[in-house]
2 protein chains.
Amino acid sequence: MSRVECHDDGMSLRHAVLGMLADEPGSGYDLLKRFERAMANVWPATQSQLYGELGKLEAAGMIRVHAEGPRGRKEYEITDAGLAELRHWLVEVDPGGPPRSAGLLRVYFLGSVAAEQARGYVAAMGETAAEREKRLAELEGTIDWGDDNQSVYGRLVLEWGKRFSAMQREWAEWAVEQIE
Amino acid sequence: MSRVECHDDGMSLRHAVLGMLADEPGSGYDLLKRFERAMANVWPATQSQLYGELGKLEAAGMIRVHAEGPRGRKEYEITDAGLAELRHWLVEVDPGGPPRSAGLLRVYFLGSVAAEQARGYVAAMGETAAEREKRLAELEGTIDWGDDNQSVYGRLVLEWGKRFSAMQREWAEWAVEQIE
DNA sequence: TATGACATGTAACTAGTTACATGATTCA
DNA sequence: TGAATCATGTAACTAGTTACATGTCATA
């Protein structure tokens, strides 16, 4: 039974870090801020996890210390091996289906509470989505989009978020009417 | 600074198990099959994790062994404490925003590969979504929906899945045109 | 009597979170 | 000189996955 070893995805923080360093070198501290700014809604990461991952990536030869600064600052850059791994992951690894959704999990079990409360919960999901929709639309206006890669792909992600939020809002509006 | 302790969400498998047992008592083996059938796309769980969680829930007094059967079978039922916890989680705990998405994470970094490959990746996302959309539509036809709670809320979840898949397919169609 | 379904568990691991701990530099 | 920011790290924990391990019962 010969079979190509093409195993799992997983360990995506690793690839998020590689992706950011491929774009531009930086320290753990820099990356932390970039994560907060750009990826809080797609792939949140904590400070602990970031520094741990940087250590592992350096040990694996996928990044290297490129410059040192004050206060022990270590600025990392991606290596050829790291870039190869990033590209492999981007193109060849199966991204898998939709992820776990705690919000949706609850919907399954709303039969355990009164219909009024169930309707309230679904309505709250809709409101949360509506707020996010509005926030993303505002965010879109404040960014000055160029035609560089970051702008192009950043815009795709933002658009996905807007469509997702709109979908959820519309679904919630429909769903409250289905309950009772 | 007085503050009500209303901490995190997290540990949702616990609540998934409570929800299933609230609906109908069953053994770990039963729940495993129910997870595979009904929740594979919303909250997948492994056999190990299920048995572990059943042990913890029993220790916490949220479920109890209701009947024993052949082969060491232990049939659990939910207790009043468990039902209270489930309802608390359903109604009062903040579900949080959209979860991590490895697929979307990749989109951020598509600038690291050639435009042609990026387009290929986004197109594949669209095809995956289209297949899921079709599969869910077929699934909807095979189920005979009543007007019991399970049917009502199960239908809401299924509809969410259909809308999500359609959104992703449409986004991907739009996105491939944005690349170059 | 052997296969497949039923049934439960443990061990070792990866991923991720929260809290703690430390210290250097800048600048008002 | 004191506060904010810069900067890195560790410890202890929860959640989740994969692989292993064991044994029972029905039935063809």
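In the text below, chain A, chain B and the rest are named by the order of the sequence lines, each starting its count at 1.
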ask   = Using a cut-off of 4.0 Å on non-hydrogen atoms, how would the nucleic acid contact of B/Arg14 be classed: base, sugar-phosphate, or nothing?
value =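 Contact class for B/Arg14: none.
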query = With respect to the phosphate group of D/dG9, does any side-chain polar atom (N or O) of A/Tyr51 fall under 4.0 Å of OP1 or OP2?
reply =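 Looking at the OP1 and OP2 atoms of D/dG9, neither is under 4.0 Å from any side-chain N or O of A/Tyr51.
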ask   = With respect to the phosphate group of D/dT17, does any side-chain polar atom (N or O) of A/Arg100 fall under 4.0 Å of OP1 or OP2?
value =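 Yes.
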message = Please determine whether a side-chain nitrogen of the Lys or Arg among B/Glu159 and B/Lys162 lies less than 4.0 Å from a carboxylate oxygen of the Asp or Glu.
response =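 Salt bridge: yes.
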What is the distance, rounded to the nearest whole Å, between atom [atom1] of [X] and atom [atom2] of [N]?
X: B/Leu54; N: D/dG16; atom1: CG; atom2: P; value: 14 Å
X: A/Glu53; N: C/dT17; atom1: CD; atom2: P; value: 12 Å
X: A/Leu31; N: D/dT8; atom1: CG; atom2: C1'; value: 13 Å
X: B/Glu68; N: C/dA7; atom1: CD; atom2: P; value: 13 Å
X: A/His15; N: C/dA15; atom1: NE2; atom2: C1'; value: 14 Å

Closest to side chain of B/Tyr29, choosing from C/dA5, C/dG16, C/dG9 =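 Out of C/dA5, C/dG16, C/dG9, the nucleotide with an atom closest to B/Tyr29's side chain is C/dA5.
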query = Out of D/dG9, D/dA7, C/dT8, which nucleotide sits closest to the side chain of B/Lys74?
reply =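 Closest of the options to the side chain of B/Lys74: C/dT8.
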Set of residues satisfying side chain to side chain donor-acceptor pair (under 3.5 Å) with respect to A/Ser151, sequence neighbours excluded =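 So A/Ser151 forms a side chain to side chain donor-acceptor pair (under 3.5 Å) with A/Asp148.
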remark   = Expected string for nucleotides 22-28 of chain C under the B/S/- scheme (protein heavy atoms, under 4.0 Å, primed atoms plus P, OP1, OP2 as sugar-phosphate) is -BBB---
inquiry  = Which label fits B/Trp89 and B/His15: parallel for a plane angle under 30°, tilted from 30 to 60°, or perpendicular past 60°?
reply    =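 B/Trp89 vs B/His15 ring planes: parallel.
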inquiry  = A/Glu173: which residues meet the salt bridge (charged side-chain N to carboxylate O under 4.0 Å, His left out) condition with it, sequence neighbours left out?
reply    =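 For A/Glu173, the residues satisfying salt bridge (charged side-chain N to carboxylate O under 4.0 Å, His left out) (neighbours in sequence not counted) are A/Arg169.
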message = Under the rule for salt bridge (charged side-chain N to carboxylate O under 4.0 Å, His left out), what residues qualify as partners of B/Asp30, not counting sequence neighbours?
response =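 Result, salt bridge (charged side-chain N to carboxylate O under 4.0 Å, His left out) vs B/Asp30: B/Arg73.
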message = With nearest nucleotide decided by heavy atoms, which residue, A/Lys56 or B/Ser27, maps closer to the 5′ end of DNA chain C?
response =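 This one resolves to B/Ser27.
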request  = Decide side-chain contact (heavy atoms from CB on, under 4.5 Å) for A/Phe109 and B/Leu18; before the verdict, give the C-alpha distance in whole Å, the side-chain angles of both, and the deciding distance to 0.1 Å.
outcome  = CA-CA 9 Å; A/Phe109 299 127; B/Leu18 288 174; over 6 Å; no
Any residue of residues 32-50 of chain A with a heavy atom less than 4.0 Å from an atom of DNA chain C =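 Hits under 4.0 Å, by residue number: A/Trp43, A/Thr46, A/Ser48, A/Gln49.
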request  = Verify whether one side chain among B/Trp145 and B/Glu140 offers a donor that lies under 3.5 Å from an acceptor in the other.
outcome  =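 No, B/Glu140 and B/Trp145 have no side-chain donor paired with an acceptor closer than 3.5 Å.
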task = Indicate the atoms forming the closest heavy-atom contact of A/Leu136 with A/Leu158, along with that distance.
result =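 Minimum heavy-atom separation between A/Leu136 and A/Leu158: CD2-CD1, 3.7 Å.
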request  = Scan for side-chain hydrogen bond (donor to acceptor under 3.5 Å, both in side chains) pairs involving residues 48-71 of chain A, sequence neighbours excluded, and state none if there are none.
outcome  =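 Listed once each, the pairs are A/Arg14-A/Glu53, A/Arg64-A/Glu77.
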